[in-house]
Number of protein chains: 2
Amino acid sequence: MAIQKTSLVEIAMDRIKTYILENKLKENDKLPTEKELIAKLQVSRTVVREALRSLESIGILKIKPGGGVFVGDSDFRSIKSILKHHYEAHGVKIRELVEIRKILELGALRLIIEKNLDVDFDYLESLNQEYYQAITHNWDTKKYDQLFHQHIIQEADNETFYNFTEVIQEYFSLVKIDLMQSKKDLLASYKEHSEILAGLKNKNLEYSHKIMSVHFEPIFDYIYEMEGLKEDGTN
Amino acid sequence: MAIQKTSLVEIAMDRIKTYILENKLKENDKLPTEKELIAKLQVSRTVVREALRSLESIGILKIKPGGGVFVGDSDFRSIKSILKHHYEAHGVKIRELVEIRKILELGALRLIIEKNLDVDFDYLESLNQEYYQAITHNWDTKKYDQLFHQHIIQEADNETFYNFTEVIQEYFSLVKIDLMQSKKDLLASYKEHSEILAGLKNKNLEYSHKIMSVHFEPIFDYIYEMEGLKEDGTN
DNA sequence: ATCGAAAATTGGTCTGACCATATTATATAT
DNA sequence: ATATATAATATGGTCAGACCAATTTTCGAT
């Protein structure tokens with residue numbers, strides 16, 4: 001078993017992370033300057049800078065030239081950028097992402113109903129009405145559809161779940177998918193949204209699950225059609 | 001709107017990422033040396049090094065002292081380390097993680113049945129038998145239980161789904177949770193595993209979902225009890 | 001052809017310098 | 001006294017050159 005010696009940069013990274021935790025620094029709080037860190041950690045500026053850069057690239061820090069070093073936002077932006085590169089390098093099967101989204105959406109419905117949560121139906125219905133307006137006015141509907149689904153997940157009262165879903169959604173948005181829905185399809189989609197809300201109102205898990213499944217069907221149809229038309233596994 | 005000038009390091013990072021993509025470098029493939037990158041990118045060694053370090057910290061590269069720079073494994077190790085820090089800084093509600101796990105496991109069952117996948121029941125049953133042995137011999141059972149669940153997810157034929165689940169699992173493993181199951185509870189758990197497999201064999205989604213839900217009940221009971229005993233939201 | 005020592009390559013760290021931007025202090029005008 | 005413009009300072013960004021440590025390659029002895 002080869003014991004690999006830890007580099008000074010890694011040690012510095014750990015100590016800076018620990019510094020943040022021990023001092024309970026929150027987002028945008030200021031860290032010691034490079035010069036101070038050099039004194040504290042007793043290493044060269046090279047090491048301090050490489051450590052800071054690394055921590056910045058994983059989103060833990062934010063470096064403002066001329067200003068100082070600050071604690072970064074915990075918005076998982078760095079995770080999204082990692083997935084972006086992973087996608088560009090390896091591709092991803094759209095089918096897999098859609099399957100995941102379906103599972104998550106079904107799961108959100110389950111959480112809402114099983115935990116007997118109060119849902120902001122007024123807002124969800126207003127979102128769906130905007131969706132309807134977009135459909136009838138031939139605007140871009142995708143945005144409104146997405147907002148609706150996103151908000152249902154938000155209603156599941158699970159922040160971690162919501163965060164992960166957002167990451168998946170970001171991943172998903174990298175993939176070009178144009179499933180050219182006719183106005184008839186879109187109106188059906190709108191109707192399904194309404195029915196899902198009805199299912200939620202009645203706390204009918206089975207029904208809302210059924211409708212949500214139907215709601216995903218055209219997407220799967222489209223995907224299976226696509227998969228039949230090409231060989232490479234990048235989409 | 002403030003246009004922020006991009007630093008040379010960021011530009012270098014982009015160019016190196018692009019280099020990997022354009023040359024279709026795979027895991028462990030070698031990149032140009034620092035010296036060569038300095039010549040290629042026409043920047044100082046400082047910039048090249050900070051760019052390489054940053055790319056290493058997000059898992060895209062792997063730097064071997066004395067050896068060279070290589071493409072990193074795409075095992076999401078960096079994402080896990082980001083989540084680790086996020087957990088240490090913000091904590092996480094166990095309830096949320098368990099809810100997510102339940103949703104994912106139910107989802108896996110759904111994918112297997114809806115896609116009519118062939119499942120390696122022999123292996124799953126052998127895993128469950130090991131679980132049984134561990135229970136009766138008073139060994140540590142957690143490992144075997146985990147293997148069983150992990151493999152079910154693996155059977156869902158969705159690599160992205162599996163990867164995300166693994167990340168969640170890693171996140172989960174950071175949390176200390178000891179739900180002290182009695183031998184009686186464990187035997188019930190073992191039985192439920194068997195019933196889940198039976199449900200899968202019969203392609204009975206409803207049944208396997210029901211058993212899986214029951215399977216999670218003691219965990220939720222434990223968690224709700226815990227939540228009642230403390231106020232801080234860190235667990 | 002094999003093995004081992006020597007040499008070259010490669011990344012790791014240190015120092016000191018200079019630049020650009022942001023912040024702070026100071027002087028000035030009102 | 002306050003507000004504003006200006007200068008001084010602090011901070012991160014980049015560059016250059018040097019030396020160290022680990023790895024890889026080269027090459028001679030066997």
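Numbered from 1 within each chain, the chains take letters A, B, ... in sequence-line order.
Using a cut-off of 4.0 Å between Lys/Arg side-chain N and Asp/Glu carboxylate O, B/K93 and A/E159 are scored as not salt-bridged. Under a 4.0 Å N-O distance rule, the pair B/K17/A/E88 does not qualify as a salt bridge. Taking a cutoff of 4.0 Å between a charged side-chain nitrogen and a carboxylate oxygen, A/R53 and A/E50 do not qualify as a salt bridge.
The distance between atom CZ of A/F70 and atom P of D/dT11, rounded to the nearest whole Å, is 11 Å. For the pair B/K64 NZ and D/dT24 C1', the interatomic distance rounds to 12 Å; values are reported in whole Å. The CD1 atom of A/I11 sits 12 Å away from the C1' atom of C/dG12 (whole-angstrom rounding). When rounded to the nearest whole Å, the span between CG of A/L8 and C1' of D/dC20 equals 12 Å. Atom CD of A/E50 is separated from atom P of C/dT13 by 7 Å (rounded to the nearest Å). Across the protein-nucleic acid pair, B/L52 atom CG and C/dT13 atom C1' stand 16 Å apart, rounded to whole Å. One atom, NZ of B/K62, and another, C1' of D/dA22, lie 17 Å apart when rounded to the nearest Å.
Between D/dT14, C/dC14, C/dG12, one nucleotide has an atom nearer to the side chain of A/V47 than all others, and that is C/dC14. Considering only the side chain of A/S44, C/dT13 comes nearest among D/dG12, C/dT13, D/dT14. Which of D/dG12, C/dT13, D/dA16 sits closest to the side chain of B/R45 comes down to C/dT13.
A donor and an acceptor atom, one from each side chain of A/N28 and A/K62, are located under 3.5 Å apart. Side-chain atoms of A/S54 and B/E56 include no donor-acceptor pair closer than 3.5 Å.
Checked against a 6.0 Å centroid threshold, the rings of A/H193 and A/Y132 do not count as neighbours.
For the segment residues 16-43 of chain A, residues with any heavy atom less than 4.0 angstrom from an atom of DNA chain D are, sorted by number, A/T33, A/E34.
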Residues B/K40, B/E36; criterion salt bridge (charged side-chain N to carboxylate O under 4.0 Å, His left out); working and verdict | CA-CA 6 Å; B/K40 264 189 216 289; B/E36 290 168 324; over 6 Å; no

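When the side-chain nitrogen and oxygen atoms of B/R49 are compared with OP1 and OP2 of C/dT10, none of them lie within a distance under 4.0 Å.
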